[in-house]
Amino acid sequence: MTRSGILFLVVLILNALIAAGYLIWYLIWKKDTDNRKQYMMHTAIMLLCPVVGILYFLFGFLKYHFLKLGVRDLSDVEFSKKRHVPRVKADEERERNIVAVGEAILVSDQKKKRANMLNVLLGETEESLSAIALALDSDDSEVAHYAASFLQSKMDTFREKVSRARQQIEESDIKEEECQKQILELIGYMDQVLRQKVFMQIEQVDYVDQMEQLCEKLFQNATDRMLPSCYEAILGRMMELGAYDQAELWGNRFSEQYPELLSSYTLRLKLYFETNQKEKFFEVMDHLRSSSVVIDNQTLELIRMIQR
């Protein structure tokens, strides 16, 4: 075989190995089976178009993550500091047609279903992402597409906002009040989205870990700024992931800082109930009974459940 033939064969082999590695990385290592068809299509393109296919996807990856090509059109951007409050007449017809997400996807008429879904999306906020995710399983591909596009947009906005905020926090002094305020706002924003569980497991774990890092940073440097909502957020997300040891650590910190707050007891009761640690459960319950904290119906029901 000639030198050029050997070189061509080596290129083909390397190309095939890279394509196979790409597929293994996403489907086996990262276990991203939700996008199986997309990764298999990419692999097929890399195999059918040696070198060119790989360079195409590589350039797309670099462009998306590192390059900002093109000139931004700022002609319509208003930099005035004057506060402008637009007053728009309500669209009464659209308001009357807005329905809950669950009802919107159950409508049998295809045109009405699509119109309802669009109206729902136009009126929804970050609080309804988990409900909108239900539409992904709709038998109408158009409705599923509406929901997928909406969720992808919100998730991309979340990723960008969290990344930008974390960078600003890292560049700031934690001792400054403004930095502490940024951390509190970011924790609240992350919890608002993460509690709805719209991300895949691996990404959900990563963002919960980032939220814990923010809580730890605030706890170690400005413990008095750790609000009950911060403890409630990190405890809730940790228990959802089954990270019970870390949840117990934050639960103990919560009770030490806010011993007269009911949620500092109820969250630990839920933790020990889920992990079947009866001794610790009754220990917390005894502390709660001996305290001056008023017990609500939800906590009483939890106590009754474990005493049965």
Side-chain angles (χ1 to χ4, degrees), residues 124-131 154-155 157-170 172-199 203-275 284 287-288 291-302:
E124 293 301 325
T125 63
E126 281 78 8
E127 292 287 353
S128 306
L129 300 184
S130 57
K154 290 293 184 181
M155 290 162 71
T157 300
F158 174 85
R159 295 182 184 106
E160 183 180 353
K161 186 172 181 178
V162 170
S163 177
R164 185 170 60 249
R166 280 178 58 85
Q167 184 176 358
Q168 291 177 351
I169 291 170
E170 290 298 326
S172 304
D173 185 359
I174 185 62
K175 300 298 182 181
E176 295 178 359
E177 186 175 346
E178 184 60 30
C179 180
Q180 298 167 9
K181 182 180 177 181
Q182 286 180 326
I183 293 177
L184 289 172
E185 290 176 350
L186 183 54
I187 291 172
Y189 173 71
M190 293 180 73
D191 182 60
Q192 181 188 43
V193 177
L194 293 176
R195 70 173 61 180
Q196 300 181 69
K197 295 179 280 188
V198 293
F199 291 96
E203 198 167 10
Q204 180 82 4
V205 171
D206 179 60
Y207 279 120
V208 171
D209 182 61
Q210 291 185 40
M211 192 166 73
E212 186 190 24
Q213 291 174 19
L214 291 169
C215 290
E216 186 68 34
K217 189 179 184 73
L218 196 62
F219 181 83
Q220 295 296 338
N221 295 277
T223 308
D224 58 318
R225 293 301 302 273
M226 278 289 290
L227 301 177
S229 59
C230 295
Y231 285 110
E232 292 167 3
I234 195 62
L235 271 165
R237 305 296 74 76
M238 285 293 180
M239 284 193 284
E240 285 174 356
L241 296 177
Y244 296 120
D245 290 338
Q246 292 161 284
E248 185 175 21
L249 170 65
W250 287 104
N252 292 334
R253 289 175 172 179
F254 191 13
S255 64
E256 289 174 6
Q257 187 170 352
Y258 297 99
E260 299 303 316
L261 199 63
L262 178 61
S263 57
S264 68
Y265 293 94
T266 55
L267 284 170
R268 284 186 297 152
L269 288 173
K270 290 179 181 178
L271 170 64
Y272 296 135
F273 177 78
E274 287 185 16
T275 54
V284 173
H287 289 162
L288 176 58
S291 70
S292 58
V293 178
V294 178
I295 303 177
D296 60 9
N297 291 331
Q298 185 180 6
T299 306
L300 286 173
E301 185 60 29
L302 184 64

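This structure is a prediction, so every number in the text was calculated from the model and none was measured. The first residue of the sequence shown is numbered 1, and numbering continues consecutively from there.
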Would you name the heavy atoms of Ala247 and Met238 that are closest together and state the gap between them?
CB-CB, 3.9 Å
If you compare all heavy atoms of Glu232 against all heavy atoms of Ser263, which two are closest, and at what distance to 0.1 Å?
OE2-OG, 2.9 Å
Residue pair Glu256 / Asn252, side-chain donor-acceptor N/O under 3.5 Å:
no
Search all heavy atoms of Met155 against all heavy atoms of Val198 and return the closest pair with its distance.
CE-O, 3.9 Å
Report yes if some heavy atom in the side chain of Asp173 is under 4.5 Å from a heavy atom in the side chain of Cys179; otherwise report no.
no
How are the rings of Tyr231 and Tyr258 set relative to one another: parallel (under 30°), tilted (30 to 60°) or perpendicular (over 60°)?
perpendicular
Donor-acceptor check, side chain of Gln257 to backbone of Thr223, threshold 3.5 angstrom: yes or no?
yes
Is any side-chain heavy atom of Val293 closer than 4.5 Å to a side-chain heavy atom of Leu288?
yes
Value for CD1 (Ile169) from CD (Glu178), rounded to nearest 0.5 Å, stands at 10.5 Å
When you compare the side chains of Ser291 and Glu260, does any donor N or O come within less than 3.5 Å of an acceptor on the partner?
no
If you compare all heavy atoms of Tyr207 against all heavy atoms of Val162, which two are closest, and at what distance to 0.1 Å?
CE2-CG1, 4.1 Å
Approximate separation, where rounding is to 0.5 Å, of Leu184 CG and Ser229 OG:
7.0 Å
When rounded to the nearest 0.5 Å, the distance separating CZ of Phe254 from OH of Tyr265 is 10.5 Å
Check whether any side-chain heavy atom of Leu214 lies under 4.5 Å from a side-chain heavy atom of Arg166, and answer yes or no.
yes
Do any N or O atoms from the side chain of Ser172 and from the backbone of Gln168 form a donor-acceptor pair under 3.5 angstrom?
yes
Side chains of Phe158 and Lys154 in contact at under 4.5 Å (non-hydrogen atoms):
no
Let's go through Met226 and Trp250 carefully: what are the C-alpha distance in whole Å and the side-chain angles of both, what is the deciding distance for side-chain contact (heavy atoms from CB on, under 4.5 Å) to 0.1 Å, and is it a yes or a no?
CA-CA 11 Å; Met226 278 289 290; Trp250 287 104; 3.8 Å; yes
After noting the C-alpha distance and the side-chain angles of Glu185 and Lys161, does the key distance pass the salt bridge (Lys or Arg N to Asp or Glu O under 4.0 Å) rule?
CA-CA 11 Å; Glu185 290 176 350; Lys161 186 172 181 178; over 6 Å; no
What are the two closest non-hydrogen atoms of Leu218 and Arg225, and how far apart are they?
CD2-O, 3.9 Å
Determine whether more than 12 heavy atoms belonging to other residues, nucleotides or ligands lie under 6.0 Å from atom CD of Gln220.
yes
Less than 4.5 Å apart, any side-chain heavy atom of Ile234 and any of Gln246?
no
Taking only residues two or more places apart in sequence or in another chain, which ones pass side-chain hydrogen bond (donor to acceptor under 3.5 Å, both in side chains) with Glu240?
Arg237
Would you name the heavy atoms of Gln192 and Gln196 that are closest together and state the gap between them?
O-NE2, 3.0 Å
State, with a plain yes or no, whether a side-chain heavy atom of Glu248 is found less than 4.5 Å away from one of Thr275.
no
Are any non-hydrogen side-chain atoms of Phe219 and Glu212 less than 4.5 angstrom apart?
no
pair Asp245-Leu249: side-chain heavy atoms closer than 4.5 Å
no
Rounded to the nearest 0.5 Å, what's the gap from CG on Asn221 to CD on Glu216? Could you check?
9.5 Å
